[in-house]
Amino acid sequence: MAHNRYSKTVTQDSSQPAAQAMLHAIGLSDDDFQKPFVGIASTGYEGNPCNMHLNDLAVEIKKGTEEANLVGLIFNTIGVSDAISMGTPGMRFSLPSRDIIADSMETVMGGMSYDGMVAVVGCDKNMPGSVMAMLRLNRPSIMVYGGTIASGCVANKKLDIVSAFEAWGEKVSGLINEAEYKEVIQNACPGAGACGGMYTANTMASAIEVMGLALPFNSSNPAVSSEKMVECVAAGKAMKLLIEKDIKPKDIVTKKSLENAIRLVTVLGGSTNAVLHFLAIARAAEVDFTLADFQRISDTTPFLADLKPSGKFLMEDVHRVGGIPAVIKFMLEHNMLHGDCLTVTGKTLAENMADVPSLADGQKVIRPLNNPIKETGHIRILFGNLASEGAVAKITGKEGLSFEGPARVYDGEFAANAGIKSGEVQKGEVVVIRYEGPRGGPGMPEMLKPTAAIMGAGLGKDVALITDGRFSGGTHGFVVGHITPEAQLGGTIGLIENGDIISIDAETNELYVKITDAELEARRAAWEVPNLKVNKGVLYKYARSVATASKGCVTDE
């Protein structure tokens, strides 16, 4: 089979002279026309530390393709910084950006007849967006993660992006002064790289590595490191084998490799956003993988990593004790992963790990199996009269395993932020933030600002929060998101009133509002569908096309 399976449409067909003239114009020769074309998709842009260095990494990847006698062609797509847009109207664009990234990568690759793709990605939505495009196209592909940021430091205390959010809560509650607050903000993020804890970016990068679509060490090599530069060249070179052997993403992403991904997410205590994103990835891979699979894996997998946001370590500490491959090796040694899954090296996961050093002796980042942080996973899939189609809780065990209290209801995140700031929220209450789902938000914004404010105000162990929106990977505390059906679609969360008793149980996996069925039906009969908050533009298109959170918020259903 020709290795330039797609590009030959424009390079070899004599009836395509204009295409060939255009390719000569960019500097390609007749010899280049015989080579496979590799699209190098960069989500690099200047406005975000997670992405600011990616265009430079794309150049290193291009060097690797050239060394492998391939034609590497760099193109760009968009991104939204979650940390910058958090708590603002801009956060409504964050989740939609995932599907725009997928659509744009698929568009360029398909429109330009490229034979394979390397995606170099940084912030949260970049990883799943690129993988969704790879699977839709099903051409040889590799994902390269831009890497994690170094930690900041003030007074010998490690800082990261969540330190800045929580400092706001500490300031408004009087625990720190303005000067201390400013010092945290100015020192939390020292340069390039994605947010440093086991938040969504590091969660997705780690999970995609164990799933097989990235080279070993990709997720834990720091953004600013010689290892990351070497890895980028290696990724470009690795495309040669994938193209020659015609190893495609759907050969790699299977039910078993998806199970590997979610098992690692569970061990690491990763972001609840992994649920949304892997539902969407599974759909693109045409693999049957549902909320029930997440719960099944969570029930049989311990939570072992003492990583932020609920723990104390960062991804740089994982790198220091052996990197994600050392964690994968540990899991393989304890029969926690399917070692026979194919990866982008052309070898199986187990073969890749054969010569990888084990976790460093005496390390404290990953707990032993006989001393887990929690014996089962932190991600819980809840059902009940508040979530007939499911909800996702992030329960590390440190908050307790159940919570019951009266509702404090807010129609939207901004009202909730104001209520927390003014002291409305009292100990023992369940904060309800609604009309923030994929359609009602629109865009299902993350609720890091209210959860960080609750933690900063010292209410983290005394208040729960439920929402039809979602949470940042930086969120911790007793929180439940992704409530489906959302309020905009007539879900029960839209019928709750202040003072209703909300019951959350992470052992029985139930989420209820304690009112009678008759009262619930009476409220439902009186409820009216609110108008969408937008009536034009990309968010309107998103609200009209997006599937529910329980289906991964895909826009191509």
Quiz item: Can you find a pair of side-chain heavy atoms, one from Thr266 and one from Ile379, that are under 4.5 Å apart?
Solution: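 A side-chain contact is absent here, since even the closest heavy-atom pair is not under 4.5 Å.
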Side chains of [X] and [Y]: do they bring a donor and an acceptor to under 3.5 Å?
X: Glu404; Y: Tyr512; value: no
X: Ser151; Y: Glu316; value: yes
X: Thr467; Y: Glu436; value: no
X: Ser163; Y: Asp160; value: yes

Exercise. Using the salt bridge (charged side-chain N to carboxylate O under 4.0 Å, His left out) rule, collect all pairs that involve residues 363-392, keeping only residues at least two apart or in two chains.
Key: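 Passing the test, one end in residues 363-392: Asp299-Arg380.
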Quiz item: Can you pull the salt bridge (charged side-chain N to carboxylate O under 4.0 Å, His left out) pairs that have at least one residue in residues 267-291, sequence neighbours excluded?
Solution: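 Counting only pairs at least two positions apart or across chains, the salt bridge (charged side-chain N to carboxylate O under 4.0 Å, His left out) contacts touching residues 267-291 are Lys250-Glu286, Arg283-Asp556.
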Quiz item: When you look at Asp103 and Arg98, which way does the salt bridge (Lys or Arg N to Asp or Glu O under 4.0 Å) test go after all the steps?
Solution: CA-CA 9 Å; Asp103 292 350; Arg98 182 195 72 183; over 6 Å; no
Run the salt-bridge test on [X] and [Y] with the 4.0 Å N-O cut-off and return the result as yes or no.
X: Glu413; Y: Arg92; result: yes
X: Glu486; Y: Arg434; result: no
X: Glu519; Y: Lys514; result: no

Quiz item: Among Asn273, Asp82, Thr200, Asp99, which residue meets the side chain to side chain donor-acceptor pair (under 3.5 Å) test with Lys125?
Solution: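 Answer after filtering Asn273, Asp82, Thr200, Asp99: Asp82.
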Quiz item: Of Asp124, Asn51, Asn48, which meets side chain to side chain donor-acceptor pair (under 3.5 Å) against Ser81?
Solution: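 Going through the options one by one, the only one that passes is Asn48.
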Self-check item: Test applied, side-chain contact (heavy atoms from CB on, under 4.5 Å); reference residue, Phe278; option that passes from Val287, Ile208, Val253
Solution: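 Of Val287, Ile208, Val253, side-chain contact (heavy atoms from CB on, under 4.5 Å) with Phe278 is met by Ile208 alone.
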Exercise. Show your working on salt bridge (Lys or Arg N to Asp or Glu O under 4.0 Å) between Lys255 and Asp293 and close with a plain yes or no.
Key: CA-CA 10 Å; Lys255 182 96 173 187; Asp293 292 295; 3.2 Å; yes
